[in-house]
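Data block below; observations after.
This structure is a prediction, so every number in the text was calculated from the model and none was measured.
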Amino acid sequence: MYYNSTRNSSVKVSSAEAITQGISAEGGLFVPESIPSLTLDEISKIGDMKYADRAAYVFSKYLTDFTEAEIHYCTDNAYSTKNFETESIAELAHLFDGTYMLELWHGPTCAFKDMALQILPYFLTTSAKKINLDKKIVILVATSGDTGKAALEGFKDVEGTSIMVFYPEDGVSPMQKRQMKTQEGSNVGVCAIKGNFDDCQNGVKAIFTNDDVKSALEAKGMMFSSANSINWGRLVPQVVYYVSAYAELVKDGEINLGDKINIVVPTGNFGNILAAYYAKHMGIPVNKLICASNINNVLTDFINTGVYDRNRSFYATVSPSMDILISSNLERLLYLMTGRDDAQIREWFGKLASEGKYEVTADVKAKLQDEFAAGFCDDEHTKQTIHMIYEKYGYTCDTHTAVAVKVYNDYKAATGDTTKTVIASTASPYKFSAAVLEALEGVASDIDEYAKVDKISEISKLDIPAALADLKNKPERFSDVIDKSEQKEYVLNKLGV
């Protein structure tokens, strides 16, 4: 299995090269040259495996330059109770008839990003050895909240690496900010940007593709890589949990082998739902992929109209990990839907950069609407949904998952589709305690962050994750705040280049 670039199809690299580079030299994203298949018989057998072995089985289809021993080294170290609070790794909770919460937040940072970022350091260091890379790998990360902490936790003190995370100063929750500012590790750095997530992400991409910067790093024996979902090593672990969820439903007798399911994903950067698309096209029987957005509903509009337009107001919401107007992973999907037409991708994403807008062809629009449904939810309805779920089912969810539930309920009411449905639950409710507590009690509270956490625990009877409870007594290590125009100089200064 080789990997091509979305902006230059002639590029052909191994998975180890794709993972270490993170992004192609001309700015394209790496995609596998084909989507491998899973038969129904294979899916049934996966259901009898533990999660680490399920992951290894899926990875063997994509990382064909890795030996079986190398893959199991990665999966066995990443997916264990050393890192996750549950043996299942990804829990399936039965919310109501025919609807299931895929809880992806039982890892060390209480967010779905742990599912990929606990294994990415193993992928990256193994890949570097495979291609005889003798450079120090510098990880640059833009985060809207969860990726930053999960990447920091995954890469802290990993030999031969350093990691630098940028987040929007006013665009993450207090708990997310506290997680990053108190991060331990000798090779980590954290900095706030005066701007939004797209500013952080654009800055990182610009640094990645700057030839002068790359040359300066090369002279110092360093190279950049990414822990964002632009890195294929971040995306492929997300495919696993959709395969795993389907196999688990079959094993539990909730569905028959071959029955279709819907998958609902709250998403901003499009990586999490793109992973579900890959799982579907590997052979997981999926009826509809339902894309849930908050009031920053650029993806909803795109799927419904075929026009991607980031020229709109940006809103800071109670679901900040979706506060995004430039959804990077959409590029991978459109590359596949155009038949791998790199010239078309260069044209569309060139327009996005210069004009903030592009429109896909009628053929691609039809393909989009065949595969996906889309909807969005504002903050008021997000809180109402959290309250409704708790009152009706005794289940407490976070703000992002609530967006997905509301969009799914709207979809079901509009279509009458009663297909059994898996909803990706992406974070612990304790990471967004102010909004969750307000939703549960019906009024805003002026008590401090940790008192809110305690109050949610009292109401919900849900254990407070140790990783969040311990934050209260940790000293803050990082307080830098810079303008978005200073990002490149900041990186070079911190690296001594």
Side-chain angles (χ1 to χ4, degrees), residues 86 88 90-106 110-112 146 173 175 241 245 249 254 261-268 272-273 288 290-295 300 317-322 373-415 417-445 452-465 468:
T86 170
S88 299
E91 291 281 352
L92 264 176
H94 296 205
L95 185 58
F96 46 86
D97 289 345
T99 306
Y100 310 88
M101 289 291 202
L102 178 58
E103 294 180 350
L104 301 170
W105 41 265
H106 292 287
C110 307
F112 80 100
D146 287 333
S173 78
M175 189 64 80
Y241 49 70
L249 289 172
E254 296 293 324
I261 62 171
N262 292 327
I263 298 175
V264 188
V265 186
T267 189
N272 204 4
I273 198 165
K288 207 73 173 180
I290 302 169
C291 178
S293 301
N294 63 21
I295 197 67
T300 305
T317 74
V318 296
S319 48
S321 296
M322 294 190 287
F376 71 95
C377 174
D378 62 20
D379 281 359
E380 181 182 355
H381 285 98
T382 299
K383 293 172 189 175
Q384 289 176 4
T385 302
I386 292 171
H387 186 84
M388 178 275 292
I389 294 169
Y390 177 75
E391 288 293 319
K392 198 169 183 178
Y393 307 108
Y395 187 92
T396 305
C397 72
D398 87 296
T399 49
H400 304 75
T401 307
V403 168
V405 173
K406 175 65 166 65
V407 168
Y408 171 62
N409 287 341
D410 290 347
Y411 164 83
K412 192 174 181 180
T415 63
D417 182 1
T418 58
T419 304
K420 289 190 175 181
T421 297
V422 171
I423 298 174
S425 179
T426 55
S428 165
Y430 291 111
K431 294 197 75 170
F432 307 94
S433 57
V436 171
L437 183 58
E438 181 181 342
L440 294 176
E441 292 194 317
V443 293
S445 175
K452 289 173 185 173
V453 166
D454 290 338
K455 187 68 173 175
I456 292 171
S457 179
E458 178 186 328
I459 295 170
S460 68
K461 312 303 181 194
L462 185 68
D463 290 340
I464 303 170
L468 298 184

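With H106 contributing its side chain and E91 its backbone, the two residues share no donor-acceptor pair below 3.5 Å.
Contact check for L92 versus E254: no side-chain heavy atoms found under the 4.5 Å cut-off. Proximity of K406 to D410: side-chain heavy atoms (C-beta onward) are separated by under 4.5 Å at one or more points. Residues Y100 and I261 form no side-chain contact, since every pair of their non-hydrogen atoms from C-beta on lies 4.5 Å or further apart. Side chains of Y430 and P465 form a contact here, defined as non-hydrogen atoms less than 4.5 Å apart. Considering only heavy atoms from C-beta on, Y411 stays 4.5 Å or farther from V264 through its side chain.
Nearest approach of S433 to V453, heavy atoms of both residues: CB-CG2, 4.1 Å. Between K452 and A434, the shortest heavy-atom contact is NZ-CB, 3.7 Å. Across all their heavy atoms, Y395 and A93 have their closest contact at CE1-CB, 4.0 Å. K431 approaches S173 most closely through the heavy-atom pair O-OG, 2.8 Å. For the residue pair N294 and F376, the shortest heavy atom distance occurs at O-CB, 3.4 Å. Residues L462 and P429 come closest through the heavy atom pair CD2-CG, 3.6 Å.
Between K383 and D379 no salt bridge is recorded (no basic side-chain N to carboxylate O distance below 4.0 Å).
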Show, in sequence, the C-alpha distance, side-chain angles and deciding distance for I386 and C397, and conclude whether the side chain to side chain contact (heavy atoms under 4.5 Å, CB included) test is met. CA-CA 6 Å; I386 292 171; C397 72; 4.2 Å; yes
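Side-chain atoms of S425 and T401 form a donor-acceptor pair, as typed in the model, at a separation below 3.5 Å.
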